[in-house]
Amino acid sequence: MENNITIPKHIGIIMDGNGRWAKKRFLPRNMGHKKGAEVFQDITRYCNELGLEAVTFYAFSTENWKRPQEEVEGIMKLFKEYLIKAFDYEKENNKIVFLGDKSAFSGELLDLMLEIEEKTADRTGMILNIALNYGSRNEIINACKEISQLVKEGKMSIDDINEESFSNHLYTKNQPDPDFILRPSGEKRLSNFLLWQSAYAEFVYMDVLWPDFTRKNLDEAILEFNKRNRRFGGV
């Protein structure tokens, strides 16, 4: 990466195209997810090397439960394998946060996630957000419910509700908003990902399936981001 390039503080990545990658190779869809998980590990390390403050990977949405049971079971197995390996990132000093409704997962997976979050909570390096059973609309509704309960209990007044206080009830509280959202695979939609947080994010779409995604592709995405003129509603 060139020295005069601005490295974003936070990138949101929609990991897309695993199934199509497998289909093109006449492989089971879960082979695409396995390859995609390997790419996830490498890109995480590269984001750390680049000096990002945070990166958020969209791994499994609230809608993904609708997929065939065999595929979902395979994805859950992969999650378990890579959660166990999560401590491989210890040398990178990553703080690992799981965004989403954890209650839908098995007790074993839930325990693993909570253990990893607890053990990495005090790390001072890059924040690695992994969005699992995540849906941004649900996140926003949950934040509304939390704030409503606080108002009901007299712990918060309606006048205290603003963008900052609302953000503090989202899964990404105390984190910078994403500077840009990256979606490989050629699709051009957010798919219920970080709707509130990406209000002023740039969008970068790439015609490469996630299992084929490389560090060079991320460099290209960051270069594209650097070409954007971010006015945040100003002139």
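Throughout, numbering of the chain's residues begins at 1 and tracks the sequence.
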Q | No-hydrogen, no-angle side-chain donor-acceptor test under 3.5 Å, W196 and S167 | A | yes
**Q.** Sidechain N-carboxylate O distance under 4.0 Å for E164, K173
**A.** no
Q | For H169 against A143, the heavy-atom pair lying closest together | A | O-CB, 3.6 Å
Q) In terms of hydrophobic clustering (I, L, V, M, F, W, Y; side-chain heavy atoms under 4.5 Å; direct or indirect links), are I130 and I181 co-clustered? A) no
Q: Consider only side-chain heavy atoms of I, L, V, M, F, W and Y, link residues closer than 4.5 Å, and tell whether L182 and Y205 are in one cluster.
A: no
Q: Give a yes or no answer on whether the side chain of S61 reaches the backbone of N64 with a donor-acceptor pair at less than 3.5 Å.
A: yes
Q. Just checking, is any N or O donor in the side chain of N93 or T124 under 3.5 Å from an acceptor N or O on the other one?
A. yes
(Q) Taking the basic N atoms (NZ, or NE/NH1/NH2) and the acidic carboxylate oxygens, is any pair closer than 4.0 Å for R20 and E187? (A) yes
Q.
Would the distance check show the side chain of T214 and the main-chain N or O of N217 forming a donor-acceptor pair, the cut-off being under 3.5 Å?
A. yes
Q) Is a salt bridge present between E49 and R215, judged by a nitrogen-to-oxygen distance below 4.0 Å? A) yes
Q. Is it the case that D101 and S103 place a side-chain donor and acceptor less than 3.5 Å from each other?
A. yes
Q) With the threshold set at 4.0 Å, does a side-chain nitrogen-carboxylate oxygen contact exist between E115 and K119? A) yes
Q. Got a salt bridge between D16 and R183, using NZ or NE/NH1/NH2 to carboxylate O under 4.0 Å?
A. yes
(Q) Can you confirm whether the side chains of E73 and N30 place a donor and an acceptor under 3.5 Å from each other? (A) no
Q) Does the side chain of L132 reach to within under 4.5 Å of the side chain of M113, using non-hydrogen atoms? A) yes
Q. Can a salt bridge be assigned to the pair R25 and D212 using a cut-off of 4.0 Å between side-chain N and carboxylate O?
A. yes
(Q) Show me the pairs that pass salt bridge (charged side-chain N to carboxylate O under 4.0 Å, His left out) and involve residues 129-154, at least two apart or across chains. (A) E153-K155
Q) Looking at OH of Y58 and CE of M15, how far apart are the two atoms once the value is rounded to the nearest 0.5 Å? A) 11.0 Å
Q.
Do L83 and M76 sit in one hydrophobic cluster, given that two such residues count as connected whenever their side-chain heavy atoms are within less than 4.5 Å of each other, even indirectly?
A. yes
Q.
Quick check for you: to the nearest 0.5 Å, what is the distance between D177 atom CG and Q197 atom CD?
A. 6.5 Å
Q) Looking at the rings of F60 and Y134, which for Trp means the six-membered one, are their centres under 6.0 Å apart? A) no
Q) Cluster question for you: counting only ILVMFWY and a side-chain heavy-atom cut-off of under 4.5 Å, with indirect links fine, are I5 and F180 together? A) yes
Q) Any luck finding a side-chain donor-acceptor pair between E71 and H33 under 3.5 Å? A) yes
Q: Please report the shortest heavy-atom distance between Q175 and A54, naming the atom on each side.
A: OE1-CB, 4.2 Å
Q. To the nearest 0.5 Å, what is the distance between CD (E108) and NZ (K80)?
A. 3.5 Å
Q: Please find out if less than 6.0 Å separates the ring center of F40 from that of W210.
A: no
Q) To the nearest 0.5 Å, what is the distance between NZ (K34) and NZ (K77)? A) 10.0 Å
Q. Would F225 end up clustered with M126 when hydrophobic side chains under 4.5 Å apart are linked, directly or stepwise?
A. yes
Q: Taking only Lys NZ, Arg NE, NH1 and NH2, and the carboxylate oxygens of Asp or Glu, determine whether E63 and R67 approach each other closer than 4.0 Å.
A: no
Q | Test item: side-chain donor near acceptor, S165 and N168, under 3.5 Å | A | no
(Q) Measuring from atom CD1 of I222 to atom CD1 of I7, what distance do you get when rounded to the nearest 0.5 angstrom? (A) 4.5 Å
Q: Apply side chain to side chain donor-acceptor pair (under 3.5 Å) to W65 and N133, showing your working.
A: CA-CA 8 Å; W65 296 105; N133 193 31; 2.7 Å; yes
Q: Kindly say whether I96 contributes a backbone atom to a donor-acceptor pair with the side chain of T120 at under 3.5 angstrom?
A: yes
Q.
Quick check for you: to the nearest 0.5 Å, what is the distance between L99 atom CG and F57 atom CZ?
A. 12.0 Å
Q: Could you tell me which non-hydrogen atom of G32 sits nearest to which non-hydrogen atom of A22, and how far apart they are?
A: N-CB, 3.8 Å
Q: Considering non-hydrogen atoms only, spot the tightest contact between L190 and I14 and give its length.
A: O-CD1, 3.6 Å
